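Okay, structure first, notes after.
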Amino acid sequence: MIHQTHLSRRSALGLAAAAGVAGSAGSLLSPSTAQACGRQPHSFGYGPLIADPDGLLDLPRGFSYRVVAVANGTPLKSTTLTDGGEKSPSRYDGTGCFKSQGGPGYVLVTNHENGTSAVQPVPHRSGLTYDAGSAFGGTTTLTTDKYGRRLTEVVSLAGTLSNCAGGVTPWGTWLTCEENESKAGGGLQKDHGYVFEVDPHDLSANRDPKPIKAFGRFPHEAVVVDPHSGHVYLTEDANGPHGLLYHWAPEGRATKGRTSRHTDFRALDDTAGTLTAMYCTDDGTFVPDLSVANKLGTTYSVTWKEVPDRDAQTTSTRKQFDPGKPITRSRKLEGMWWGDGGFYFDASFARTGDGSEAEHDGQMWFFDVNASTITLVVYWPVREDVDTQPDSPDNITVNPHGGLMICEDGEGVNHLVLDDLDGNYAFFARNNLDSEMAGATFSDNGQVLFANSQDPGVVFAITGPWRRS
């Protein structure tokens, strides 16, 4: 299916006027201005969103989407796996996009955030299954042509749990993260809470899946790899207590400028390198909770504290710093993406009722690797209207046309949100399927944006008149 958003000039002007009155998703707001003076429009973004006659995804004028894959239980006809004929697995989430090696086109490795039950599980494939018990998450690999038209979809990892976000490596593989820390028992035959590496092009390289235990066992959310040093950074989405930001450092001196694959993380020993957690200070004063930051430009210095037992066989990694071992925490640490000499990561929301020191509906931070600092670059205060104001950022990606593309996973209607990292944002897409947005990722040339509606599960390929924001 392809849907295009074209309006007559009169219709477009009428819709824009209505949006101005109603405060529609097509307008842009500055968080700092919204707090001080009410909702003020700004000239940013691609204009008002136009209602999709098919009721799936509203986009600005001139943009269109193709449906690449459809999971069971959606209003559309389900697509099927080309390696077995089953319906496409449910709950599409974090996604990596890679250039096809066999001609023009793209390869997507897509997570499925299924647990021990699923509307449509990732089928257990011989040789590609980690846990043959009741673990129904994993990844599928989709191929498309250069326009985003579907070609194939096959299982590339099975038998894992709650594959949520992840990240791409500098050598062109996908790291998929289990947002779960269940141990073997009941219907599970193996421990969970790991990161797995998936090759997008060579399925034989994915045989006999091996968790990367060096990266720790905890409810992983997302991961980035420094292309210059090989260091790895990971977020944790957890509470009781809140999660941590982790850093894995390889042993020995890193090779600067490494951009080609010299090995893979699956070859690491279980205790290779060092796993540490972020400890922040503000002019020397310890910062226990990131939620207190509410001014753009707030900057904290970062040092690292070693995780005593990274495989968490008796105590969860985030609990190994209590009591008497202070560490910096945050509610809902979610998406990450490498860019601009460091990486961006977000905290989805915070409430004093969940133990946070302050409340917000979204923070995004930039980690400067050379300076070893984090700086608040996006701040969304608690919203009065979650349908016309963004809340709860989840997966993120660096937008090659400027700023960030952010997936909402919040209350009310969810969107793809553009943010220029200068205090301005605009809705780019409205999801009409009553689901979170997930897995936003651009093609290498920046002309195709792939994004998912998680549940019901739909993978979209979005094209249009991209320009610098």
Side-chain angles (χ1 to χ4, degrees), residues 1-6 25 45-46 49-80 87-98 105-113 120 139-153 165 335 394-397 399-401 404-409 413-418 426-466:
M1 174 185 292
I2 181 168
H3 168 71
Q4 298 194 12
T5 52
H6 294 294
Y46 293 94
L49 304 183
I50 298 171
D52 177 6
D54 293 318
L56 300 180
L57 195 69
D58 301 344
L59 294 168
R61 183 178 183 180
F63 283 87
S64 62
Y65 66 76
R66 295 182 186 276
V67 171
V68 182
V70 180
N72 188 43
T74 72
L76 300 171
K77 182 180 178 181
S78 298
T79 51
T80 57
K87 291 180 179 179
S88 296
S90 51
R91 296 180 65 80
Y92 290 102
D93 208 281
T95 300
C97 180
F98 307 89
Y106 307 105
V107 180
L108 306 176
V109 183
T110 304
N111 290 346
H112 296 273
E113 197 181 3
Q120 182 61 42
T139 65
T140 52
T141 297
L142 281 153
T143 61
T144 77
D145 66 13
K146 64 181 180 180
Y147 303 108
R149 290 181 292 215
R150 172 193 176 90
L151 300 175
T152 64
E153 183 180 18
D394 196 322
N395 293 172
I396 59 174
T397 190
N399 181 1
H401 310 285
L404 297 177
M405 185 69 76
I406 302 162
C407 297
E408 263 192 314
D409 178 17
V413 178
N414 285 305
H415 303 83
L416 293 176
V417 184
L418 287 165
F427 286 148
F428 174 74
R430 181 191 295 113
N431 186 357
N432 296 313
L433 292 172
D434 192 25
S435 171
E436 69 178 87
M437 293 299 298
T441 182
F442 280 90
S443 61
D444 64 312
N445 61 6
Q447 296 307 299
V448 184
L449 170 64
F450 294 96
N452 310 326
S453 173
Q454 188 189 78
D455 194 11
V458 181
V459 180
F460 297 99
I462 302 169
T463 55
W466 299 106

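Keep in mind the model is a prediction, meaning the values are calculated, not measured.
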Please report the C-alpha distance between Val107 and Leu142 in whole Å, then the side-chain angles of each, then the deciding distance to 0.1 Å, and finally whether the side-chain contact (heavy atoms from CB on, under 4.5 Å) criterion is met.
CA-CA 6 Å; Val107 180; Leu142 281 153; over 6 Å; no
Any sub-3.5 Å donor-acceptor pair from Thr143's side-chain atoms to Thr152's backbone N or O?
yes
Given Lys87, which partner from the list Thr79, Asn72, Thr80 fulfils the side chain to side chain donor-acceptor pair (under 3.5 Å) test?
Asn72
For residues 445-465, which residue pairs qualify under salt bridge (Lys or Arg N to Asp or Glu O under 4.0 Å), counting only residues two or more places apart or in two chains?
Arg91-Asp455
Smallest heavy-atom separation, Ser88 atom then Arg150 atom, equals OG-NH2, 4.3 Å
Regarding Glu436 and Asn414, do their side chains bring together a donor and an acceptor under 3.5 Å, going by distance alone?
no
Side-chain touch Val448/Ile462, heavy atoms, less than 4.5 angstrom
no
Looking at every heavy atom in both Leu433 and Asn431, which two are closest together, and how far apart are they?
N-OD1, 2.9 Å
Full working for side-chain contact (heavy atoms from CB on, under 4.5 Å) between Gln447 and Phe442:
CA-CA 7 Å; Gln447 296 307 299; Phe442 280 90; over 6 Å; no
If you take all heavy atoms of Asp52 and Leu57, which pair is closest and at what distance?
OD2-N, 3.0 Å
ring-ring contact (aromatic ring centres under 6.0 Å, His included), that's the test. Do Phe63 and Phe428 meet it? Break it down for me.
CA-CA 10 Å; Phe63 283 87; Phe428 174 74; 5.0 Å; yes
So, the side chain of Ser435 versus the backbone of Gln454: is there a donor-acceptor pair under 3.5 Å, distance only?
yes
Test side chain to side chain donor-acceptor pair (under 3.5 Å), reference Thr95, set Thr441, Asn452, Asn111, Thr397, output is Asn452
Ignoring hydrogens and angles, tell me if any N or O in the side chain of Thr139 forms a donor-acceptor pair with the backbone of Val109 under 3.5 Å.
no
Taking all atoms of both residues into account, what is the closest heavy-atom pair of Leu449 and Leu416, and its distance?
CD2-CD1, 4.0 Å
Considering residues at least two apart in sequence or located in another chain, which fulfil the side-chain hydrogen bond (donor to acceptor under 3.5 Å, both in side chains) criterion with Thr140?
His112, Glu153
Nearest heavy-atom neighbours spanning Pro465 and Gly62:
CD-O, 3.4 Å
Atom of Tyr92, atom of Ala69 and distance for their closest heavy-atom approach
OH-CB, 3.4 Å
Could you check Leu49 against Leu59 for side-chain contact (heavy atoms from CB on, under 4.5 Å), going step by step and ending with a plain yes or no?
CA-CA 5 Å; Leu49 304 183; Leu59 294 168; 5.6 Å; no
Whether over 12 other heavy atoms sit under 6.0 Å from Asp434 CG
no
